[in-house]
Amino acid sequence: QVQLVESGGGLVQAGDSLRLSCAASGRTFRSYTMGWFRQAPGKEREFVAGITWNTNTHYADAVKGRFTISRDNAKNTVYLQMNNLKPEDTAVYYCAAQRDPWVTEISIGRFDSWGQGTQVTVSS
């Protein structure tokens, strides 16, 4: 059982930055692959970024170069630094965990735990 709680969303203007945080429960956090997904109104949930236990990262093309995912295992927390935000980044952002331990590759379909989401709204 793992609980994920996102925070840090808000209303910003295009070009601004935000940092999202995800606090996770569990002693085995360090072994999880962690990720961020987002879902815009009327759209399907889409993968944004992922990070493995050994800090292998992968990003969606739409955010590559602007977003950075990181983790602090001592705090059971994963972050998403979002720079140069665009209106098309507007969505509910969800933290996710792949609880299979010590995975070295990021498989989007294997994330099995989800937070409740935090709203990010980017105005033009």
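For the single chain, residues carry numbers from 1 onward in sequence order. This one's a predicted model, so the numbers in the text were calculated from it and none came from an experiment.
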Rounded to the nearest 0.5 Å, how far does CD of Glu46 lie from CD1 of Ile108?
10.0 Å
Heavy-atom donor-acceptor pair, Ser31 side chain to Phe29 backbone, under 3.5 Å
no
Working to the nearest 0.5 angstrom, can you tell me the gap between His58 NE2 and Thr52 OG1?
12.5 Å
Working to the nearest 0.5 Å, report the span between OG1 of Thr33 and CG of Asp100.
8.0 Å
Do the side chain of Ser25 and the main chain of Gln3 share a donor and acceptor less than 3.5 angstrom apart?
yes
If you apply the rule side-chain contact (heavy atoms from CB on, under 4.5 Å), what do you find for Ser17 with Gln81, and how did you get there?
CA-CA 8 Å; Ser17 297; Gln81 178 67 44; 4.0 Å; yes
Closest non-hydrogen atom pair between Pro87 and Ala14, with its separation:
CD-CB, 4.1 Å
When hydrophobic residues are tied together by side-chain contacts of less than 4.5 Å, even through go-betweens, does Val2 share a cluster with Ile106?
no
Looking at Tyr79, I'd like to know if the NZ or CZ of Arg71 sits under 6.0 Å from its six-membered ring centre while staying within 45 degrees of the ring's axis.
no
Test side-chain contact (heavy atoms from CB on, under 4.5 Å) on Val78 and Ile51 and set out the steps.
CA-CA 9 Å; Val78 63; Ile51 184 168; 4.2 Å; yes
Taking the ring centre of each residue, are Phe47 and Phe37 less than 6.0 Å apart?
yes
Determine whether Phe67 and Asn83 make a side-chain contact, defined as any pair of heavy atoms from C-beta on separated by less than 4.5 Å.
no
No-hydrogen, no-angle side-chain donor-acceptor test under 3.5 Å, Thr77 and Asp72:
no
Is it true that, when you exclude Gln119 itself, more than 12 heavy atoms of the residues, nucleotides or ligands shown sit nearer than 6.0 Å to its CD?
yes
Please tell me whether Met82 and Tyr59 are part of a single hydrophobic cluster in this structure, the criterion being side-chain heavy atoms less than 4.5 Å apart.
yes
Please check if the side chain of Arg66 supplies one atom and the backbone of Ala62 the other of a donor-acceptor pair under 3.5 Å.
yes
State plainly whether one hydrophobic cluster holds both Leu4 and Tyr93, where clusters connect Ile, Leu, Val, Met, Phe, Trp and Tyr through side-chain heavy atoms under 4.5 angstrom apart.
yes
List the steps, then state whether side-chain contact (heavy atoms from CB on, under 4.5 Å) holds for Cys22 with Val5.
CA-CA 5 Å; Cys22 172; Val5 181; over 6 Å; no
Donor-acceptor pair, side chain of Glu6 and main chain of Cys95, under 3.5 angstrom
yes
Should Leu80 and Val48 count as side-chain neighbours, where that means a heavy-atom distance under 4.5 Å?
yes
Considering all heavy atoms of both residues, which atom of Gly35 and which atom of Phe111 are nearest to each other, and what is their separation?
N-CE2, 3.5 Å
Polar side-chain atom of Arg38 near backbone of Val92 as donor-acceptor pair, under 3.5 Å:
no
Given the rule that I, L, V, M, F, W and Y join up when any side-chain heavy atoms are under 4.5 Å apart, are Val120 and Tyr94 in one cluster?
no
Looking only at atom types and distance, does a side-chain atom of Thr118 sit under 3.5 Å from a main-chain N or O of Gly9, one as donor and one as acceptor?
yes
List the atom of Asp89, the atom of Val122, and the distance in Å for their closest heavy-atom pair.
CB-CG2, 4.4 Å
Ignoring hydrogens and geometry, is there a side-chain-to-backbone donor-acceptor pair from Asn76 to Ala24 under 3.5 Å?
yes
Taking atom CD of Gln116 as the centre, does the number of heavy atoms from other residues, nucleotides or ligands within less than 6.0 Å exceed 12?
no
Note, Ser113 side chain near Arg99 side chain (heavy atom, < 4.5 Å)
yes
Single-linkage hydrophobic cluster Trp36~Val63, side-chain heavy atoms < 4.5 angstrom:
yes
Note: Gly8 and Leu18 closest approach over all heavy atoms is O-CD2, 3.7 Å
Under a 4.5 Å cut-off applied to non-hydrogen side-chain atoms, are Asn73 and Trp53 in contact?
no
